[in-house]
Engineer: 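Could you have a look at this structure, given as structure tokens, before my questions?
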Amino acid sequence: MALRMWASSTANALRISSASKAHLSPAFSFSRCFSSVLEGLKYASSHEWVKHEGSVATIGITDHAQDHLGEVVFVELPEAGRSVSAGVGFGAVESVKATSDINSPISGDVVEVNSKLTESPGLINSSPYEDGWMIKIKPSNPSELESLLGAKEYTKFCEEEDAAH
């Protein structure tokens, strides 16, 4: 009973009202499971995100994905110079629950790999959109970004996926 009351009060404390959104304009939104989804990123239905800036696109896994994986203990990533293809695996994430392949949402050549993840794979859990990024690529077909989901569409996708399980 006490746990249920705590959960209810915590949920109410975390709820963002529309009045507060009007003057704060947060750069993220919450799905029902409290995973953050950032505006301005593109999302794949396989739960990877892409941030396209200039000639480089940064790729990682979403907060929703890391939340479902649990504590990440190992990350396997490609070397710089390798090509990746949209929808094809480029690495893997091992957690205390499972090992999952990481698919590239778009095609391109890897220009940088987040070497911090070798020593600190938990950055994917604590900061999936910033310190936990995985690779940076030079996109070979930037139009592939158009087929990815925006923040609202991805949030809805996650809610529907969670409801089905």
Engineer: Any chance you could measure S127, atom OG, to Q66, atom CD, to the nearest 0.5 Å?
Structural biologist: 10.0 Å
Engineer: Considering only heavy atoms from C-beta outward, does the side chain of W49 approach that of T58 to under 4.5 Å?
Structural biologist: yes
Engineer: Heavy-atom distance under 4.5 Å between the side chains of V50 and L41, does that happen here?
Structural biologist: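 Of all side-chain heavy-atom pairs linking L41 with V50, none is under 4.5 Å.
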Engineer: Determine all donor-acceptor pairs shorter than 3.5 Å in which one atom belongs to a side chain in residues 129-137; sequence neighbours excluded.
Structural biologist:
unit_1	atom_1	unit_2	atom_2	d
Y129	OH	S36	O	2.7
Y129	OH	D63	N	3.2

Engineer: Working to the nearest 0.5 Å, report the span between CG of N103 and CZ of F90.
Structural biologist: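 Here the interatomic distance stands at 8.0 Å.
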Engineer: My understanding is that only one of T155, T62, L148 makes a side chain to side chain contact (heavy atoms under 4.5 Å, CB included) with Y43; could you say which?
Structural biologist: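 Between Y43 and the candidates, side chain to side chain contact (heavy atoms under 4.5 Å, CB included) is satisfied uniquely by T62.
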Engineer: Rounded to the nearest 0.5 Å, how far apart are CG of L69 and CG of N125?
Structural biologist: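 These two atoms lie 8.0 Å from each other.
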Engineer: If we only count heavy atoms from C-beta on, is the H52 to P139 side-chain gap below 4.5 Å?
Structural biologist: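 Yes, side chains in contact.
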Engineer: With a 3.5 Å cut-off and sequence neighbours excluded, list the donor-acceptor pairs that the side chains of residues 115-123 form with protein atoms.
Structural biologist:
unit_1	atom_1	unit_2	atom_2	d
T118	OG1	S115	O	3.4

Engineer: Answer yes or no: is there a donor N or O on one side and an acceptor on the other, between the side chain of E160 and the main chain of F157, under 3.5 Å?
Structural biologist: no
Engineer: Please give me the minimum heavy-atom distance between V37 and A151, naming the atom from each residue.
Structural biologist: CG1-O, 3.6 Å
Engineer: In the structure I gave you, are the side-chain heavy atoms of Y154 and H64 within less than 4.5 Å of one another anywhere?
Structural biologist: yes
Engineer: Going from CD1 on I59 to CD1 on I106, what distance comes out if it is rounded to the nearest 0.5 angstrom?
Structural biologist: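 Here the interatomic distance stands at 5.0 Å.
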Engineer: Answer yes if the side chains of H47 and E161 hold a donor-acceptor pair under 3.5 Å, and no otherwise.
Structural biologist: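 Their side chains do contain a donor-acceptor pair, which is all the 3.5 Å distance test asks for.
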Engineer: Going from NE2 on H68 to OG on S95, what distance comes out if it is rounded to the nearest 0.5 angstrom?
Structural biologist: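 One finds 12.0 Å between NE2 of H68 and OG of S95.
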Engineer: What closest approach, in Å, do P128 and I61 show between heavy atoms, and which atom pair accounts for it?
Structural biologist: CB-O, 3.6 Å
Engineer: Tell me every residue that passes side-chain contact (heavy atoms from CB on, under 4.5 Å) with N141, counting only those two or more places apart in sequence or in another chain.
Structural biologist: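 If we apply the side-chain contact (heavy atoms from CB on, under 4.5 Å) test to N141, skipping adjacent residues, the hits are S143, E144.
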Engineer: Measuring from S126:OG to E71:CD, what's the distance to the nearest 0.5 Å?
Structural biologist: 11.0 Å
Engineer: Taking the side chain as everything from C-beta on, heavy atoms only, tell me whether F74 gets closer than 4.5 Å to T99.
Structural biologist: no
